[in-house]
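What follows is a short report on a single structure.
Values below: all heavy atoms of this structure, side chains included; hydrogens, waters and symmetry mates excluded. Here, residue 1 is the first one in the sequence, and each next residue gets the next number.
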Amino acid sequence: MAAKLNKAIYIVAAKRTPFGSMGGTLRNQTPTDLGVIATIAALKQANLDPSLVDDIIFGNVSQTAKDTPYLARHVGIRSGMRLDTPALTVNRLCGAGFESIMQGAKNIAMGESEIVACGGAENMSMAPYALRDIRQGTKFPNDLTLEDSLWSALNDQYVKLPMALTAEKVGEQCGITREACDTYALRSQHLWQAAQDAGRFKEEITPVMIKDKKKGEYAFEMDEHPRGGKATIESLNKLPSMFKKNGLVTAGNASGISDGAGTIILASEEAVKKHNLTPLSRIVSYSAVGVDPTIMGYGPVPAVNNALKAAGLTMADLGQIEINEAFAAQYLACEKDLKINPEITNLDGGAVAMGHPTGASGSRIMGHLTYQLRANNIKYGVGSACCGGGQGIAIIIEKC
């Protein structure tokens, strides 16, 4: 599936929370809490009355809090949107944040909406343990076992593989080495540090106010997972392979388990004029595609190619590329087969450094890409991710 938009649909605001590390500062903030913070900030950035929003669509992978089944609806209401504003929560796994933008763009293209709040939220730290098969009671004796719902979500039950082993397979197929994975992980950490020091995340990040018994109330304003400039190739090389003997994937070259949210506001050309909104970028085309689940990390290759074909563009037309770093091995396989110029890709680091709150990463990527196209006067860029279960998703945007 791929399409070029023949109607002008713009990103007019993009905000996200800082991403918290597993069990870190955001561990007690539900996905809804985080989504509300990002959405209110995006509405404020656009100087947009929330009552003008026609629809809200939010991505989420795991319903880790009590209110997460109501995610999009509760984010909308708590952000001040009308009670009659519809809400939809979507789940294309790691592409859920991207999917919210695609669905929002379709709504506007069909004339159903003029303004749509799109986003993604995830709190992986809140993932509970589950005790299955006891609702109807249990017989004696029965050795009941708790199931880690977070680990379950990271395993594809159809092919009986954790996501990391799919990265091992695609990396091996594409000739990726452990040395290359660690070198790339170091790049991600150091580029994040350079971007942080230069203030390149300031436009996109809105702080989360944290109440702490010892520290009092304070603003959490910076991504928590990165090692940044402290990362060294020696420390990365020392880490053991986690899933396969002499394998590629380690704790240092895989994306971090994280918490966070992001919101993108989409508007039609008519809404931009009517409400005096400022277009930041334009949605050009998008694609979602299935791939072999055992090499799910390969998804960005056909997704990016399909989005380019739909737009009538080539790889040479792209000035900046953001591909989610689920695993260094998986990213490098995509870089190789897409024949990507690494000098224009993930220039401020990615999920290996910042972490990957699964439902929110698409919102982060598309927001950051929007700001960087404008900052560097680049016409076209693409954001993409692989998705658990064997899918890829990609969105091409044009600077305004």
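By the ring pair (Phe, Tyr, Trp, His ring centres under 6.0 Å) test, Tyr184 is found to be paired with Tyr331, residues two or more places apart in sequence or in another chain being considered. Shown here are the side chain to side chain contact (heavy atoms under 4.5 Å, CB included) partners of Glu172, two or more places apart in sequence or in another chain: Lys244. For Ile210, the side chain to side chain contact (heavy atoms under 4.5 Å, CB included) partners two or more places apart in sequence, or in a different chain, are Thr25, Leu26, Gln29, Val208, Tyr218, Phe220. For the side chain to side chain contact (heavy atoms under 4.5 Å, CB included) test, residues two or more places apart in sequence or in another chain that qualify with Pro207 are Ala219, Glu221. Applying the side chain to side chain contact (heavy atoms under 4.5 Å, CB included) test to Glu217 and every residue at least two apart in sequence or in another chain returns Met209, Lys211.
By the rule that hydrophobic residues join a cluster once side-chain heavy atoms approach within less than 4.5 Å of another member, Ile323 and Ile396 end up as members of one cluster. Using a 4.5 Å cut-off between side-chain heavy atoms of Ile, Leu, Val, Met, Phe, Trp and Tyr, with links allowed through other members, Leu186 and Leu191 fall into different hydrophobic clusters.
Between the Ser268 side chain and the Ala271 main chain, a donor and an acceptor come within less than 3.5 Å of each other.
With 3.5 Å as the limit, one finds a donor-acceptor pair spanning the side chains of Glu99 and Gln103. With hydrogens and angles left out, the side-chain atoms of Gln63 and Thr68 include no donor and acceptor closer than 3.5 Å. Between the side chains of Ser125 and Asp259, a donor-acceptor pair is found at a separation under 3.5 Å. In this structure, a donor-acceptor pair under 3.5 Å is present between the side chains of Ser188 and Glu325.
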Checklist entry - Can Val116 and Lys106 be said to form a side-chain contact (heavy atoms from CB on, under 4.5 Å), step by step? => result CA-CA 10 Å; Val116 181; Lys106 290 177 183 179; over 6 Å; no

Checklist entry - Would Met81 and Thr39 count as a side-chain contact (heavy atoms from CB on, under 4.5 Å) if you check the C-alpha gap in whole Å, the side-chain angles of each, and the deciding distance to 0.1 Å? => result CA-CA 10 Å; Met81 296 174 199; Thr39 301; 3.7 Å; yes

Checklist entry - Should Glu168 and Phe327 be marked as a side-chain contact (heavy atoms from CB on, under 4.5 Å) after you check the CA-CA gap, both sets of side-chain angles, and the distance that decides it? => result CA-CA 9 Å; Glu168 290 278 4; Phe327 302 90; over 6 Å; no

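Looking at Asn123 and Pro31, their side chains come closer than 4.5 Å, going by heavy atoms from C-beta outward. Glu398 has its side chain out of reach of Ser281: every pair of non-hydrogen atoms, C-beta onward, lies at least 4.5 Å apart.
Other cluster members for Leu347: none, since no ILVMFWY side-chain heavy atom sits under 4.5 Å from it.
Tyr286 contributes atom OH, which lies 5.5 Å from atom CG of Leu5 (distance to the nearest 0.5 angstrom).
Residue pairs meeting the side-chain hydrogen bond (donor to acceptor under 3.5 Å, both in side chains) criterion with at least one member in residues 303-318, sequence neighbours excluded: Thr314-Asp317. For residues 151-167, the set of pairs meeting the side-chain hydrogen bond (donor to acceptor under 3.5 Å, both in side chains) definition, not counting sequence neighbours, comprises Glu147-Ser152. Counting only residues at least two apart or on different chains, the ring-ring contact (aromatic ring centres under 6.0 Å, His included) pairs with a member in residues 344-398 are Phe201-His368. Pairs of residues two or more places apart, or lying in two chains, never qualify as salt bridge (charged side-chain N to carboxylate O under 4.0 Å, His left out) while including a residue from residues 183-197. Sorted by first then second residue, the ring-ring contact (aromatic ring centres under 6.0 Å, His included) pairs that include residues 49-97, not counting sequence neighbours, are Tyr70-His74. Pairs of residues two or more places apart, or lying in two chains, that qualify as salt bridge (charged side-chain N to carboxylate O under 4.0 Å, His left out) and include a residue from residues 69-85 are Asp33-Arg78, Arg82-Asp84.
When every heavy atom of Gly59 is checked against every heavy atom of Ser100, the shortest pair comes out as N-CB, 4.2 Å.
The number of heavy atoms from other shown groups lying within 6.0 Å of CD (Glu179) does not exceed 12.
Remark: of the listed residues Arg200, Arg16, Arg364, Arg16 is the sole one forming a salt bridge (charged side-chain N to carboxylate O under 4.0 Å, His left out) with Asp223.
Between Lys15 and Glu203 there is no salt bridge, since none of the side-chain N atoms of the basic residue sits less than 4.0 Å from a carboxylate O of the acidic one.
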